[in-house]
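FYI, the numbering just counts along the sequence from 1.
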Amino acid sequence: MKIKAVRTHILQAELSQALACSRGWYSTRTAMLVEIETDRGIVGWGECYGPARITAAAVEYVAPWLIGENPTRSDYLWRMIYARMRDHGQKGVVIQALGGIDIALWDIKGKYFDAPVHQLLGGAQRTEITAYATGLYRRRAADPIHYLAEEALGYVAEGFRALKLRVGFGVEEDAAVTGAVREAIGPTVGLMVDANHAYDSIAAIRLGRMIEQHDISWFEEPVPPEDVAGYRAVKSALSIPIAGGECEFTRFGFRELFVAHALDIAQPDTCAAGGLSECKKIADMAEAFSIRYNPHVWGTGIAIAASLQLLAVLPPHTPLSLKPIAPILEFDRTEHPMRQAILVAPIEHVGGIVRVPDGPGLGIEIDRKALARFVAR
């Protein structure tokens, strides 16, 4: 079997209302999908995290190197592309492009061997994943304390037992909003906060000390990703677990974070950090360092499916015990017109639980008519 064609699909959809994290306002959602076709008629799908037009250009640049290659040699192809781009792409867009390619190769491999990806990765430890709701962004409304508390209650009503709140809008406002959300959802629902690296270590520590009383499950990206010393300072100062890694890439980047003891919880994005091949390696390394691994997930149903395949095989955070703590799925609940529309059978939750697709490859089928509706012009 040989690779016959590599195609990119840039998608875009307008939102009904703008959303904001600490980095800015967003009025559209975009996606960049990778389609790899073989001479046997098997097609694999992947997704790249990051700026769609730039990741598309990176995939198209390396695509000729893949033509004629055996797609089941995913590890060889990963290393080949990485080595040829090493001088220019150890991190960032090149690795995001490589991640989308790698996911598509695993999808092909699963379809070729008539097995779900998780079986090829070593076998599932679990067939269902507990999900937490990602949402609670700022909107152009008068009082975030009111609308965020109301939104949080909606997620609890859907059955989610944990949710993640966006912070990074000023220490005092963040503390007030965190308190209001905790009061609304009660003491038994998990609550995480994500600053999207809005603060330096001084402000992050101040905020962390103000919200420690609210039983925060983790404080995500408190400082910029390159500030490893800042991560260590925040981690040392707070009792709240510190999470990060969605802006880090490959086992080589995570090695530095793990050796520095900068994180309690690693959050590589499967579509950004190098794909399924690389993220399984990062997960194995995290286990060796006794660091928890909960992947960042932000994209279409392809990204969700790939993350579920990985989550199925990850070991529990704790050693074997009567009550092991399993990794959890980030389940984006913000508006995303393309997310489920491009799948023939959407990936949904039931009471905050998501089943791992068990069909060949990623276990999903792409709706090409829906795909065509969202092609960016």
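- Taking 4.5 Å as the limit, every side-chain heavy atom of Tyr293 sits out of range of all side-chain heavy atoms of Pro315.
- The shortest non-hydrogen separation linking Ile95 to Gly89 is CD1-O, 3.2 Å.
- Screening residues 257-267 for side-chain hydrogen bond (donor to acceptor under 3.5 Å, both in side chains) gives Glu220-Gln267 as the qualifying pairs, with residues at least two apart or on separate chains.
- Within the 4.5 Å cutoff, the side chain of Phe331 has no heavy atoms near those of the Ile129 side chain.
- Summarising the geometry of Lys111 relative to Pro360, their closest heavy-atom pair is CA-CB, 3.9 Å, with the distance given to 0.1 Å.
- Through side-chain heavy atoms spaced under 4.5 Å, either directly or across other Ile, Leu, Val, Met, Phe, Trp or Tyr residues, Ile265 is tied to Tyr132, Met192, Trp218, Ile328.
- Cluster partners of Ile325, using a side-chain heavy-atom cutoff of under 4.5 Å among ILVMFWY residues and allowing indirect links: none.
- Alongside Leu15, the hydrophobic cluster contains Leu19, Tyr49, Tyr137, Trp298 (criterion: ILVMFWY side chains under 4.5 Å).
- Annotation for His197 and Cys247: closest pair NE2-SG, 4.1 Å, computed over non-hydrogen atoms.
- Across all non-hydrogen atoms, the minimal contact from Ala303 to Cys271 is CB-SG, 3.6 Å.
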Which is it for Lys281 and Asp75 under the salt bridge (charged side-chain N to carboxylate O under 4.0 Å, His left out) test, yes or no, and what are the steps along the way? CA-CA 11 Å; Lys281 294 179 175 69; Asp75 202 58; 2.8 Å; yes

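- Taking a 6.0 Å sphere around CD1 of Ile67, one finds it holds more than 12 heavy atoms contributed by other residues, nucleotides or ligands.
- Every residue meeting the salt bridge (charged side-chain N to carboxylate O under 4.0 Å, His left out) condition with Glu172, not counting sequence neighbours, appears here in chain and number order: Arg206.
- No more than 12 heavy atoms of other residues, nucleotides or ligands shown are found within 6.0 angstrom of CD on Glu183.
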For side chain to side chain contact (heavy atoms under 4.5 Å, CB included), just list the numbers for Arg182 and Thr178, CA-CA rounded to whole Å, side-chain angles, deciding distance to a tenth of an Å, and then say yes or no. CA-CA 6 Å; Arg182 170 54 78 196; Thr178 303; 5.5 Å; no

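- Not counting sequence neighbours, the partners of His9 by the side chain to side chain donor-acceptor pair (under 3.5 Å) test are Glu35.
- Apart from Val93 itself, the hydrophobic cluster it occupies contains Ile54, where clustering links Ile, Leu, Val, Met, Phe, Trp and Tyr at side-chain heavy-atom distances under 4.5 Å.
- When all heavy atoms of Ala104 and Val34 are compared, the pair lying nearest together is CB-O, 4.2 Å.
- Thr334 pairs by the side chain to side chain donor-acceptor pair (under 3.5 Å) definition with Arg29, Asp332, not counting sequence neighbours.
- Residues Val43 and Asp107 share a closest heavy-atom pair of O-OD2, 4.0 Å.
- Pairs of residues two or more places apart, or lying in two chains, that qualify as side-chain hydrogen bond (donor to acceptor under 3.5 Å, both in side chains) and include a residue from residues 347-356 are Glu128-Arg355, Glu158-His349.
- Within the 4.5 Å cutoff, the side chain of Pro241 has no heavy atoms near those of the Arg292 side chain.
- Qualifying side chain to side chain donor-acceptor pair (under 3.5 Å) partners for Glu248, counting only residues two or more places apart in sequence or in other chains: Lys91.
- Residues Thr270 and Val297 have side chains not in contact (no heavy-atom distance under 4.5 Å, counting atoms from C-beta outward).
- The aromatic rings of Phe254 and Phe258 are tilted relative to each other, their planes meeting at an angle between 30° and 60°.
- When the side chain to side chain donor-acceptor pair (under 3.5 Å) test is applied to His296, the partners found at least two apart in sequence or on another chain are Glu246, Asp269.
- Residues passing the salt bridge (charged side-chain N to carboxylate O under 4.0 Å, His left out) test with Arg139, sequence neighbours excluded: Glu151.
- Under the 6.0 Å distance and 45° angle rule, Arg138 counts as a cation-pi partner of Phe169.
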